[in-house]
Protein chains: 2
Amino acid sequence: MFTSLFQHIEKFIILEPSEIDILKSCLGLSTIKKKTLVLQEGQVCNTMYFIIKGCMRQYIINSKGSEQTLQFGIENWWITDYLSYHNHTPSHFYIQAIENCEVIAIEKPILESLLIQIPKLERYFRIVSQKSFGAAQMRIKFLFTMSAEERYHHFNDMNPEFVQRVPQYMLASYLDFSAEFMSKIRAGKI
Amino acid sequence: MFTSLFQHIEKFIILEPSEIDILKSCLGLSTIKKKTLVLQEGQVCNTMYFIIKGCMRQYIINSKGSEQTLQFGIENWWITDYLSYHNHTPSHFYIQAIENCEVIAIEKPILESLLIQIPKLERYFRIVSQKSFGAAQMRIKFLFTMSAEERYHHFNDMNPEFVQRVPQYMLASYLDFSAEFMSKIRAGKI
DNA sequence: TAAAAAACTTGAAGTACTTCAAGAAATACG
DNA sequence: CGTATTTCTTGAAGTACTTCAAGTTTTTTA
């Protein structure tokens with residue numbers, strides 16, 4: 001049931017059986033239907049989501065009223081708005097399921113009490129978030145140094161299976177170009 | 001001597017006197033001269049730098065041979081390449097002092113032993129890196145939604161004092177436009 | 001299984017930037 | 001203090017994209 005989370009945790013730390021029991025007793029499984037918003041702009045984000053199955057995204061609505069995807073999350077990823085979560089400030093983002101999902105949704109008070117009961121989990125979340133920050137830095141590097149076409153091919157090469165899972169227009173906005181331009185790249189008309 | 005680091009840590013956790021002693025005994029102060037590179041592309045990054053005084057930056061050299069700044073760090077910031085640090089892989093980045101700096105440079109083995117002796121520090125680094133990741137998400141949002149001119153004015157409004165500290169061409173590349181274009185924005189010629 | 005909704009494609013016209021080149025101004029340094 | 005180095009400015013020409021509008025294809029849902 002929660003095996004994928006335990007497997008993920010045990011990549012970084014080793015849990016005692018008693019700690020596993022505590023953790024299990026605090027976790028719950030949720031199902032989220034495709035297109036459901038679990039966070040909207042303006043709300044304070046009080047939940048972290050660990051994706052067991054499915055795909056989610058974090059996006060914004062820009063000044064022209066169109067959506068731009070900032071982040072995708074798939075199996076074994078945590079997704080949340082860390083700034084809103086930590087500062088108790090209204091979020092700038094939407095978080096949405098783009099497939100039917102199974103997730104572990106942990107509310108802040110529960111997570112805080114877990115971190116007190118199982119201090120080792122601090123280490124787990126530290127390593128995960130440091131790696132995420134490193135990945136964000138690489139993402140900015142790619143955005144800065146590659147042309148639209150290069151970003152598309154690079155992403156395709158690195159994540160061939162993932163490209164099939166999401167609508168092209170979401171991927172286009174994630175790579176920071178228009179859906180129309182993506183269509184032309186794919187057709188080889190550039 | 002290390003007061004700024006202790007003050008920063010104590011924003012997030014409370015240290016026992018004994019823990020403060022342990023920490024002090026493991027830390028050292030370094031002076032870095034302006035323009036010194038503490039990390040070069042291709043090297044494995046084994047050090048985290050806490051900036052006590054001065055300003056540093058993380059940058060890349062793009063395919064045309066010019067520098068693009070990805071990140072600045074000033075007083076009370078940690079700077080490192082987390083991906084290279086965690087995965088022991090060659091870095092994609094340069095890290096350089098752009099003012100004469102005083103830093104606390106912690107080597108990975110020392111930090112690892114500190115984290116074992118003072119597990120509370122895991123919490124400190126978790127919170128710091130989650131907030132950094134949140135800030136990186138906001139940065140991507142700004143890059144996606146604002147024009148060059150908007151990014152310049154927004155940054156200026158948010159960090160008026162900082163803009164004076166770094167050469168314009170470094171700030172231009174951080175905001176992802178050319179130094180020439182920045183010059184024209186500033187002159188009001190756009 | 002039909003109808004509606006969502007996603008993708010195409011071409012034409014426009015624009016927000018970049019690049020280049022050269023000179024001027026500011027800053028650092030022996 | 002004067003010279004070298006670094007940083008900033010300006011205009012002209014070019015380009016990598018965007019926007020718009022309309023049609024086509026694919027997927028979802030009743």
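These numbers were taken from a predicted model, which means no experiment stands behind them. Proteins get letters first, then strands, A, B, ... in listed order; numbering begins at 1 in each. Quick note: numbers below take in every heavy atom, side chains included, and nothing from hydrogens, waters or symmetry partners.
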- Message: As a quick check of understanding, evaluate side chain to side chain contact (heavy atoms under 4.5 Å, CB included) for B/I98 and B/K35, giving each step before the final call.
- Response: CA-CA 5 Å; B/I98 54 181; B/K35 293 193 187 172; over 6 Å; no
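Atom CG in B/N62 sits roughly 13 Å away from atom C1' in C/dT19 (whole-Å rounding). Rounding to whole angstrom units, OH of residue B/Y152 and P of C/dC17 are separated by 15 Å. B/E149 places its CD atom 14 Å from the C1' atom of C/dT15, with the value rounded to the nearest Å. A/K64 has its NZ atom 10 Å from the P atom of D/dT18, to the nearest Å. Distance, B/I185 CD1 to C/dA16 P: 12 Å, rounded to whole Å. Between the CE atom of A/M182 and the C1' atom of C/dA7 there is a distance of 12 Å, rounded to whole Å. Taking atom CG on B/N100 and atom P on C/dA28, their separation rounds to 11 Å, with Å as the unit. One atom, CZ of B/F177, and another, C1' of C/dC17, lie 11 Å apart when rounded to the nearest Å.
Note on B/S178: a side-chain N or O is less than 4.0 Å away from OP1 or OP2 of C/dT18. Remark: B/K35 is not in phosphate contact with C/dA28, judged by side-chain N or O atoms under 4.0 Å from OP1 or OP2. For C/dT10, the OP1/OP2 oxygens have no side-chain nitrogen or oxygen of A/K184 closer than 4.0 Å.
Ring geometry, A/F133 versus B/Y82: the interplanar angle exceeds 60°, so the pair is classed perpendicular (tilted spans 30 to 60°). Between B/F155 and B/F162, the ring planes lie perpendicular to each other; the angle is over 60°, past the 30° to 60° tilted range.
Only one option out of A/L83, A/L70, A/T80, A/I61 pairs with A/F93 in a side-chain contact (heavy atoms from CB on, under 4.5 Å); it is A/L70.
Residues from residues 153-175 of chain A placing a heavy atom under 4.0 Å of any atom in DNA chain C, listed by number, are A/P167, A/Q168, A/Y169.
Contact of the B/L121 side chain with the B/L111 side chain is not registered, since no non-hydrogen atoms from C-beta on lie closer than 4.5 Å. The closest side-chain heavy-atom distance from A/M182 to A/L171 is below 4.5 Å.
A residue-by-residue look at B/K34 and B/M146 shows that B/M146 has its nearest nucleotide of DNA chain C further toward the 5' end.
Side-chain atoms of A/E180 lie closest to C/dT9 of the nucleotides C/dT18, C/dT9, C/dT19.
Atom CZ of A/F72 is separated from atom CD1 of A/I79 by 10.0 Å, given to the nearest 0.5 angstrom.
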